[in-house]
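Below is one structure, written out as structure tokens; the observations come after it.
Just the heavy atoms: all of them, side chains too, but no hydrogens, waters or symmetry mates, feed the values below. What you are looking at is a predicted structure, and each value in this text was computed from that prediction instead of being measured.
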Amino acid sequence: MALDALDTSAANGFIVTVDGIQIPKVNEVSGLKSEVDKIELKQQTSDGKYVVRQLIGRAKAGEFTVTRGLTDSKTITDWLKTVAEGDVAGARKTASVQLLDFAGAPIKTYNFVNCWVRSVEVNALKAGAAEQATEKFTVCYDESTIS
């Protein structure tokens, strides 16, 4: 069921996939962004007036970050190992983040091409803490589309 004219999407419904496989226990996704470069054209007009125009540049590559509950899965750290070893072909993957409505139906999907993991970080571990251990990883991509 689509959102009606008065509703907006909640930020708590999303699915993250890498090479078509859903990443489990995802808590947060940040950095979903699409942008293009800006070209600044500075010129003098024939009457001597200084003018600055902004032109549309090329689409920019980017990155996003995923935080998930820490499990015994080594999928992401193995991916980072592949990147660190210089296996470019093995490191490149596709990824997507699908935003869902209240009924769980997709309303928008961010698709990413030529992705590779740049970093993997475990949250601070504290004796006596009553919080979840998490794994945060940053994914770089060459191209993105929104559907």
Side-chain angles (χ1 to χ4, degrees), residues 1-43 51-147:
M1 174 187 236
L3 298 172
D4 73 27
L6 299 176
D7 283 336
T8 63
S9 175
N12 60 4
F14 54 89
I15 297 171
V16 178
T17 60
V18 175
D19 273 355
I21 299 169
Q22 185 174 338
I23 303 296
K25 307 202 184 306
V26 174
N27 301 337
E28 180 180 342
V29 177
S30 61
L32 294 179
K33 179 177 174 180
S34 295
E35 67 179 320
V36 295
D37 278 324
K38 174 180 75 169
I39 301 169
E40 227 174 62
L41 173 63
K42 299 174 184 176
Q43 61 188 19
V51 178
V52 178
R53 305 236 337 135
Q54 295 184 28
L55 306 175
I56 299 168
R58 295 184 177 136
K60 293 175 89 172
E63 64 184 38
F64 63 94
T65 302
V66 177
T67 304
R68 69 180 191 149
L70 186 65
T71 67
D72 61 352
S73 171
K74 294 179 178 46
T75 303
I76 303 303
T77 51
D78 286 350
W79 187 13
L80 180 62
K81 182 179 180 208
T82 302
V83 171
E85 290 172 348
D87 180 0
V88 176
R92 299 280 190 185
K93 301 185 181 298
T94 60
S96 70
V97 178
Q98 194 172 61
L99 309 179
L100 309 174
D101 67 10
F102 293 102
I107 56 174
K108 188 180 284 192
T109 303
Y110 288 77
N111 297 294
F112 306 98
V113 178
N114 290 331
C115 301
W116 52 278
V117 67
R118 181 173 66 87
S119 66
V120 179
E121 175 184 351
V122 174
N123 67 322
L125 305 174
K126 299 173 242 168
E131 59 193 52
Q132 177 186 32
T134 60
E135 176 179 62
K136 181 184 345 184
F137 58 96
T138 301
V139 176
C140 297
Y141 59 88
D142 290 347
E143 299 173 38
S144 69
T145 58
I146 303 171
S147 56

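For S96 and T17, the side-chain atoms include at least one donor-acceptor pair closer than 3.5 Å.
Taking CG of L100 as the start and CD1 of I15 as the end, the distance is 4.5 Å to the nearest 0.5 Å. If you take CG on L55 and NZ on K38, they are separated by 10.5 Å, rounding to the nearest 0.5 Å. To the nearest 0.5 Å, the span separating OH on Y141 from CZ on R118 amounts to 12.5 Å. Note that CG of N27 and NZ of K25 are 10.0 Å apart. Values are rounded to the nearest 0.5 Å.
By the ring-ring contact (aromatic ring centres under 6.0 Å, His included) test, F64 is found to be paired with F112, residues two or more places apart in sequence or in another chain being considered. Taking V51 as the reference, Q43, T45, K49, R53 meet the side chain to side chain contact (heavy atoms under 4.5 Å, CB included) condition, with sequence neighbours excluded.
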Could you tabulate the donor-acceptor pairs under 3.5 Å formed by side-chain atoms of residues 29-37, not counting sequence neighbours?
from	atom 1	to	atom 2	distance (Å)
K33	NZ	E35	OE2	3.4

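Closest heavy-atom contact between I76 and I23: CD1-CD1, 4.4 Å. Considering every non-hydrogen atom in both Q132 and G69, the closest pair reads NE2-CA, 3.2 Å. When all heavy atoms are compared, the tightest approach of V139 to C115 is CG1-CB, 3.6 Å. Of all non-hydrogen atoms in I39 and I56, the two that sit nearest each other are CD1-O, 3.9 Å. Of all the heavy atoms in V117 and F137, the pair that sits closest is CG2-CB, 3.9 Å. Nearest heavy atom pair, residue N123 against residue A133, reads OD1-CA, 3.4 Å.
A 4.5 Å side-chain heavy-atom check between N111 and S144 finds every atom pair outside the cut-off. Put simply, the side chain of L70 does not reach to within 4.5 Å of the side chain of T134, judged on heavy atoms. Using a 4.5 Å heavy-atom cutoff, the side chains of T138 and E121 are not in contact.
Here side chain to side chain donor-acceptor pair (under 3.5 Å) pairs that include residues 74-85, with residues two or more places apart or in two chains, are S73-T75. Judged as a salt bridge (Lys or Arg N to Asp or Glu O under 4.0 Å), the pairs with a partner in residues 132-144 (not counting sequence neighbours) are, in order, R68-E135, R92-D142. Each ring pair (Phe, Tyr, Trp, His ring centres under 6.0 Å) pair with one or both residues in residues 8-37, not counting sequence neighbours, would appear here, but there are none.
D19 contributes a side-chain N or O that, together with a main-chain N or O of T94, makes up a donor-acceptor pair within less than 3.5 Å. Under a 3.5 Å cut-off, the side chain of D87 and the backbone N or O of A91 do not form any donor-acceptor pair.
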